[in-house]
Amino acid sequence: MKDEYVATNLLTKLSSAFIRKEPFGLVLIIAPWNYPVNLTLMPLVGALAAGNCVVLKPSEMSKCTEKVLCELLPQYLDQVGWLCPSPPPGEGSPRVGRIVMAAAAKHLTPITLELGGKNPCYVDDDCDPQTVANRVAWFRYFNSGQTCVAPDYVLCSPETRERLLPALQSAITRFYGDDPKSSPNLGRIINQKHFLRLQGLLRCGRVAIGGQSDESDRYIAPTVLVDVQDTEPVMQEEIFGPILPLVTVRSLDEAIDFINQREKPLALYAFSNSSQVVNEVMERTSSGSFGGNEGFIYLTLPSLPLGGVGNSGMGRYHGKFSFDTFSHQRACLLRNPGLEKVNDIRYPPYSPWNQQLITWALGSQSCTLL
Amino acid sequence: MEPLEDTLRRLREAFCAGRTRPAEFRAAQLRGLGRFLQDHKQQLQQALAQDLHKSDFESLVSEIVISQGEVDLALRNLRAWMKDERVSRNLATQLDSAFIRKEPFGLVLIVAPWNYPVNLTLVPLVGALAAGNCVVLKPSELSRSTEKVLAEELPRYLDPSCFAVVLGGPSETEQLLEHRFDYIFFTGSPRVGRIVMAAAAKHLTPITLELGGKNPCYVDDDCDPQTVANRVAWFRYFNSGQTCVAPDYVLCSPETRERLLPALQSAITRFYGDDPKSSPNLGRIINQKHFLRLQGLLRCGRVAIGGQSDESDRYIAPTVLVDVQDTEPVMQEEIFGPILPLVTVRSLDEAIDFINQREKPLALYAFSNSSQVVRQVLARTSSGGFCGNDGFMHMTLASLPFGGVGHSGMGRYHGKFSFDTFSHQRACLLRSPGLEKVNHIRYPPYTPGKLRLLLLAMEERRCSCTLL
């Protein structure tokens, strides 16, 4: 909250120059259903810390969590209002992001949009397949794949694909047992609509691992698909479920081209024993965030900003970034009401001498590194 | 002239090929921009004189020197700004490399206004180039002479594969906005700001909007009227009032109003002589439409000082109005001309209420010998920027962010803030491909023991990162 003092130039040396953080006022937080506690409360922390009044709109799709939030949370907070239940604006997709931004435009309301996309996961030939399989599988099937930063599809060579398949099966069995349906550690799909959508995706390409589903339980097995076509739905929309297509490419260049021909994703992953390869993928692509030899563990670091770019969003939060997101940074200069004689050099009528002096005084910033 | 689609495609291809990424390329662009300013300084001053009757002093001080300063600042700091920013880690990530990487967005559109057509076109350009973007510049067609210099001369100093100037009026701008950009930087009115944001929404393009508003100027009873009058008058009549951060109207008590009036007349005479129309230091109105608008405002309230106008010259005298009604146009729209209404209030509280009942302005001013009064105005209002006991001097400091809030805009720039505005800050974590055994605590089947360990490893408290 503290005022941030900044460097002055010669013209403002005797003044007090600082940035004051101010709340915007009335903030609206629209939250999704996949991490309904985290993605509702984390932004709330930032908005409250920055001093705003907040209207919270939790997702009606995560019904039980919504109930707990609506009934219990108000007892602990003073300046929060609630919109529950209410008509669904939808989840945090780019499509809905456009609608929100257009609505905000009418009032010139600043926004942060945390959206999604298809997060590519490049796996190099130079890697240990079991290590990679463990890491990719954990992040893919966590929350039954309903994570905006989960690896959405893998890009690798045909040879690496053959090494990955048994390793992925091994990881899945290790994590969820021989009968994943009975594992207490595997999630379920949020609702019927998404279940049916995902069940449809199971028909894309060829099922290499898993592929089972149970409508009564909204259960989709941890699945790996191969031989998927670019035009099939599984490669057209964000999967948001426990299905992992392995797409083959013939080289790193082809993988990078594949990635760059598509919308910038929220997250991007590269697995390789060679740090040079990891760096190359990072250098030649763009995304909200990047993980080398790892999935979205970076989310646990509040010192890193979480946010998208392009279709995956705008703005960021977590930690101090949340506070800054919900604050207006007001530039303040407090000058002396006296010492008017000093100002004579800036008043008309102008002479060449005035001009020179002011030009010099304007350029004299003592500190260039902010 | 190349069709727009071809221009945009060409620039995108250059960006995708990575031309703008290396620091050397960006520095070369910035140096080119600097040379443009030096080589064409005189030409720009002449153009500004033609467009706005801007004096050499004003052109230099508010347009050329500011722009040059930003170029120099960016060149000095480019590599430091571009560097990956390492961040603190928790136990779980102790052996990893965690940093924020600055990346250009890609294809940036800058739409600039006519009132400071050099400054408000080139200063955003500095940020966009330093951040490694390809840029489409749309200067204002209203400041015709300056537009000509920018369109004809500037491209010769920048790499044409990464930079283009697009000309036209409102309908061409509308067409331009239908295309997809990776960032849009707009300076102009709130009305057009809404249109720009709505267009950006179609492509989910992030934006900065530098808009405007009515900037209140509170003058306390406890002040020296001549000092205040000098300062307020200079900032009000600079560029003939066509400044987004100029004091728009004064709020003061009736007694202070009576002290200010002769002081303002005194300041105006000192600055512009007995016949301001013949002063080389007073600007003119940009065009007929705005002139007629301002001439209309002269009929509001009562003219206390000035009030003359000359259509053939688009001249409006430095004017002070009193007894204006809240409902009159002069108190309803941003004045953007050399007219200063003095609105009377009975107390500081009333002044603050008056301010807070209206849209948040781009700038807010408070004049008082008492720093407590100044701080009170600061604490109980909001605005893009604030200055106590002076006008828009805060804009000369590149260390302060320049931007609005609410209807006066969103986003900010100047100095490093420009670089940050035009950069995507990508969170990166690089981990070892080995040491897989360590990860076992996170994999299912989950146990309470694993959970305890994992929570411990995720804990932040042992890190220094609380101070970012």
Side-chain angles (χ1 to χ4, degrees), chain A residues 6-9 11-12 17 19 22 94 97-98 101-102 105-106 108 110 127 131 134 138 175-176 185 273 278 282 286 289-294 298 300-305 309 311 314 320 328-337 340 347-350 355 358-359 362-363 365 368-370, chain B residues 55 57 60-61 65 69 73 76-77 80 87-90 92-93 98 103 190 193-194 197-198 201-202 204 206 223 227 234 271 281 369 374 382 385-390 393-394 396-397 399-401 405 407 410 416 424-431 433 436 443-446 458 460 465 468:
Chain A
V6 302
T8 49
N9 58 19
L11 286 178
T12 48
I19 299 169
E22 299 183 342
R98 282 186 188 86
M101 189 170 174
K106 296 201 177 87
L108 288 170
C127 75
T131 297
N134 289 348
W138 191 55
F175 295 167
Y176 310 111
N185 298 314
N273 286 333
V278 170
M282 187 174 57
S286 189
S289 46
F290 179 87
N293 288 314
E294 189 56 302
Y298 54 80
T300 66
L301 275 186
S303 53
L304 281 176
V309 64
N311 263 27
M314 56 183 81
K320 183 175 186 281
H328 165 55
Q329 306 208 346
R330 190 182 193 187
C332 302
L333 188 70
L334 304 184
R335 302 207 83 188
N336 197 299
E340 181 59 358
Y347 296 141
Y350 300 131
Q355 214 157 269
I358 282 231
T359 302
L362 275 177
Q365 309 235 181
T368 50
L369 295 170
L370 277 172
Chain B
S55 61
F57 181 92
L60 208 60
V61 153
V65 168
L73 189 71
R76 272 201 302 276
N77 293 285
V87 301
S88 56
R89 299 157 295 184
N90 53 21
T93 47
E103 299 183 343
R194 281 188 190 86
M197 190 170 173
K202 296 200 177 87
L204 286 172
C223 75
T227 297
W234 190 56
F271 295 166
N281 299 315
N369 285 333
V374 170
S382 189
F386 177 92
C387 191
N389 288 314
D390 213 354
M393 280 308 283
H394 57 282
T396 68
L397 276 184
S399 52
L400 280 176
V405 64
H407 275 208
M410 56 183 78
K416 181 174 188 283
H424 164 55
Q425 305 207 347
R426 190 183 193 188
C428 303
L429 189 84
L430 305 184
R431 176 156 270 206
E436 180 60 357
Y443 295 142
Y446 301 131
M458 277 171 58
E460 208 46 63
C465 83
L468 271 176

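So you know, we letter chains A, B, ... as the sequences are listed, proteins then strands, and number each from 1.
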Where the side chain of B:R426 meets the backbone of A:V309, is there a donor-acceptor pair that is under 3.5 Å apart? no
Atom group of B:Q425 that falls short of 4.5 Å from chain A, counting heavy atoms: both
Taking only residues two or more places apart in sequence or in another chain, which ones pass side-chain hydrogen bond (donor to acceptor under 3.5 Å, both in side chains) with B:N281? none
Mind checking whether B:F57 and A:Y350 have parallel, tilted or perpendicular rings, split at 30° and 60°? parallel
Let's test your reading of the structure: which of A:E294, A:M314, A:K106 forms the most heavy-atom pairs below 4.5 Å with chain B? A:E294
Under a 4.5 Å heavy-atom cut-off, does chain A meet the side chain of B:T93, its backbone, both or neither? side chain
Do you know the tightest heavy-atom contact between B:S88 and A:S303? O-OG, 2.6 Å
Which pair of non-hydrogen atoms, one from A:R335 and one from B:N389, has the smallest distance, and what is that distance? O-ND2, 3.2 Å
Kindly indicate whether the side chain of B:W234, heavy atoms from C-beta on, has any atom under 4.5 Å from the side chain of A:P348. yes
Rounded distance (nearest 0.5 Å) linking atom CG of A:N336 with atom OG1 of B:T227: 10.0 Å
Correct closest heavy-atom pair for B:L397 and A:A17 would be CD1-CB, 3.7 Å
Option that, when pairs with chain B are counted at under 4.5 Å, heavy atom only, ranks first among A:A331, A:P94, A:P110: A:A331
Evaluate the side chain to side chain contact (heavy atoms under 4.5 Å, CB included) criterion for residues A:L333 and B:D390: first the C-alpha distance (whole Å), next the side-chain angles of each, then the deciding distance (0.1 Å), finally the verdict. CA-CA 8 Å; A:L333 188 70; B:D390 213 354; 5.8 Å; no
Closest approach of A:H328 to B:S382 (non-hydrogen atoms, all atoms of both residues): CD2-OG, 4.1 Å
Nearest atoms (heavy-atom pairs only) where B:L400 meets A:I19: CD2-CG1, 4.0 Å
With respect to chain B, which residue among A:P305, A:A102, A:C127 yields the maximal number of heavy-atom pairs within a distance under 4.5 Å? A:P305
Please report the shortest heavy-atom distance between B:H407 and A:L108, naming the atom on each side. O-CD1, 4.0 Å
